Protein chains: 2
Amino acid sequence: MLTFSEENHLKAIFHLERTLPNGVSTNALAKEMETKASSITDMIKKLSEKKLINYKKYKGFKLSQFGMETAIAIIRKHRLWEVFLVEKLNFSWDEVHEVAEQLEHIKSEKLTNKLDAFLSYPKIDPHGDPIPDEDGNFPKIAKILFSECQVGDEGTFIGVKDSSPIFLQFLDKNNICLNAKVKILQKEAFDLSLKIEINNNTIMVSHKTASNLYLQS
Amino acid sequence: MLTFSEENHLKAIFHLERTLPNGVSTNALAKEMETKASSITDMIKKLSEKKLINYKKYKGFKLSQFGMETAIAIIRKHRLWEVFLVEKLNFSWDEVHEVAEQLEHIKSEKLTNKLDAFLSYPKIDPHGDPIPDEDGNFPKIAKILFSECQVGDEGTFIGVKDSSPIFLQFLDKNNICLNAKVKILQKEAFDLSLKIEINNNTIMVSHKTASNLYLQS
DNA sequence: ATATATTTTTAGACTAGGCTAAAAATAATT
DNA sequence: AATTATTTTTAGCCTAGTCTAAAAATATAT
Ligand SMILES: [Mn+2]
Ligand SMILES: [Mn+2]
Ligand SMILES: [Mn+2]
Ligand SMILES: [Mn+2]
């Protein structure tokens with residue numbers, strides 16, 4: 001049985017591996033977990049002992065198959081609970097992450113799968129992230145950041161990179177909502193800000209904002 | 001912010017105070033928590049430090065007003081989640097307690113109150129126990145154990161004292177279900193077993209069983 | 001190739017929450 | 001009232017998970 005801390009570390013390694021496919025470093029994980037490198041070394045030893053990661057001293061680490069399955073199961077729970085909170089309890093998309101951080105650690109496969117059924121097997125969570133099924137499978141959704149788009153690109157706003165309440169509330173305030181139709185009209189060379197058309201409104205978004213919004217073309 | 005362990009101790013003290021209204025002893029709580037008296041002394045000091053209980057060395061302890069409110073809030077969450085699991089996710093009444101033991105520690109007042117609303121403000125949980133409202137109020141339901149009844153007594157089976165899976169499954173097997181109409185037909189002097197009529201069936205129940213079933217007359 | 005900088009690990013400390021064994025306080029019996 | 005039994009607390013040890021500071025390994029730059 002894994003502790004909350006072990007589960008949180010696994011999840012963080014999973015997310016880091018997407019940008020660091022050749023292995024995660026102690027410092028990278030320390031930064032992600034907002035903790036110290038020495039604490040990571042200790043935890044990494046525990047996870048390695050439990051066969052959740054492959055680790056060679058000084059050489060970084062990677063999730064094992066077992067660790068990968070475990071991490072995906074936690075992410076599945078996190079995202080299902082987020083859907084529950086939004087769809088059934090009328091939470092807004094900026095309120096759910098914090099609560100889901102707690103709910104993702106509830107240990108009951110039966111609960112997870114019954115919740116999945118109760119929600120009619122949702123495929124994406126309130127932030128556009130894919131929800132793994134019971135077997136851990138989920139599609140890799142093709143998407144690029146607004147900030148990487150070319151002028152003229154069109155598509156649908158289908159997800160956020162940052163899902164902090166402050167960013168999500170900012171999007172709400174600017175009527176930038178999931179599944180909106182988007183067209184990149186102009187890119188300012190000076191500050192990389194974008195002029196976009198979104199749901200027939202024309203607005204400016206900063207580079208920082210653009211680099212946290214995903215477009216599916 | 002309380003730890004799981006602190007919350008579990010508070011809950012146990014709350015339940016013990018039902019039968020020990022003049023204060024709970026270290027040993028009584030150790031037995032209830034299936035731990036050692038020395039561990040209880042340590043925990044009691046922490047809870048006292050946090051003003052959750054009133055404690056004088058060697059003299060036992062009692063929940064403070066604040067401790068009482070905190071314990072009731074946890075019990076409210078436990079019972080609401082049990083209702084959710086049965087009503088919405090089709091768990092059976094013997095499966096919910098273990099999962100609710102985890103869910104009761106989720107910290108979000110908003111979640112608790114939205115869940116309450118989603119469930120249409122249920123008054124009792126799947127085992128017949130009353131659910132405190134947002135302000136911590138709940139009715140004291142008048143009920144007596146079958147084992148304390150007299151021959152001829154009639155009423156409704158409205159709750160269980162023991163809610164362990166093994167006991168609940170035993171009740172299921174014998175078609176003893178909540179809200180059944182009951183009449184005490186006979187009491188055997190030898191072993192205190194009862195002959196009862198329940199939903200128009202006549203069955204025998206042992207003293208042990210009878211002392212875990214509540215009747216409302 | 002050597003010196004310097006960076007990263008990673010180790011060593012030792014601290015807190016929370018358990019434990020056992022012994023001491024101290026209280027309760028029960030003679 | 002004194003002795004014995006029980007209950008409660010203390011003292012000291014353990015593990016998990018964090019920290020700081022120092023040592024060791026690796027990477028970078030002369
Ligand atoms: Mn989230
Ligand atoms: Mn999400
Ligand atoms: Mn229960
Ligand atoms: Mn219950």
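Everything numeric in this text was worked out from a predicted model, so none of it was measured. A, B, ... follow the sequence lines: proteins, then strands. Residue 1 opens every chain.
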Going by an N to O cut-off under 4.0 Å, is there a salt bridge joining A/K114 and B/E95?
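Salt bridge flag = no for B/E95 with A/K114.
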Electrostatic pair B/D116-B/R76, nearest N-O below 4.0 angstrom
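Looking at B/D116 and B/R76, the cut-off is met.
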Rounded to whole Å, how long is the line connecting atom NZ of A/K59 with atom P of D/dA24?
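About 18 Å, once rounded to whole Å.
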Between C1' on C/dT8 and CG on A/D42, what's the gap in Å once rounded to a whole number?
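Distance, rounded to whole Å: 12 Å.
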Under 4.0 Å between a side-chain N/O of B/K57 and OP1 or OP2 of D/dT10, yes or no?
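The answer is yes; a side-chain N or O of B/K57 sits under 4.0 Å from OP1 or OP2.
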Is B/N27 close enough to D/dT6 that one of its side-chain N or O atoms is under 4.0 Å from OP1 or OP2 there?
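Negative; the distance criterion is not met.
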Ring centres under 6.0 Å, that's the criterion: do A/H97 and A/H127 meet it?
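No; A/H127 has its ring centre 6.0 Å or more from that of A/H97.
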With respect to the side chain of [X], which nucleotide from [options] is positioned closest?
X	options	result
A/T26	D/dT10, D/dT18, C/dT8	C/dT8
A/T3	D/dG17, C/dA25, C/dG18	D/dG17
A/T41	C/dA24, D/dT18, C/dT9	C/dT9

For B/S92 and B/D94, test the side chains for any donor-to-acceptor distance below 3.5 angstrom and give the result as yes or no.
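Checked: B/S92/B/D94 side chains pair up, N/O donor to acceptor below 3.5 Å.
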What's the verdict on side-chain hydrogen bond (donor to acceptor under 3.5 Å, both in side chains) for A/H78 and A/D125, showing C-alpha distance, side-chain angles and the deciding distance?
CA-CA 9 Å; A/H78 182 105; A/D125 84 358; 5.8 Å; no
Neighbours of DNA chain C within residues 33-40 of chain A, by heavy-atom distance under 4.0 Å
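Contacting residues: A/A37, A/S38.
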Please list every donor-acceptor pair under 3.5 Å in which a side-chain atom of residues 11-24 of chain A meets a protein atom from a residue at least two apart or in another chain.
from, atom 1, to, atom 2, distance (Å)
A/K11, NZ, A/E101, OE1, 3.1
A/K11, NZ, A/E101, OE2, 3.0
A/K11, NZ, A/E104, OE1, 3.1
A/K11, NZ, A/E104, OE2, 2.7
A/E17, OE2, A/L63, N, 2.6
A/T19, OG1, A/L16, O, 3.2

Using a cut-off of 4.0 Å on non-hydrogen atoms, how would the nucleic acid contact of B/K56 be classed: base, sugar-phosphate, or nothing?
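Nothing, no nucleic acid heavy atom in range.
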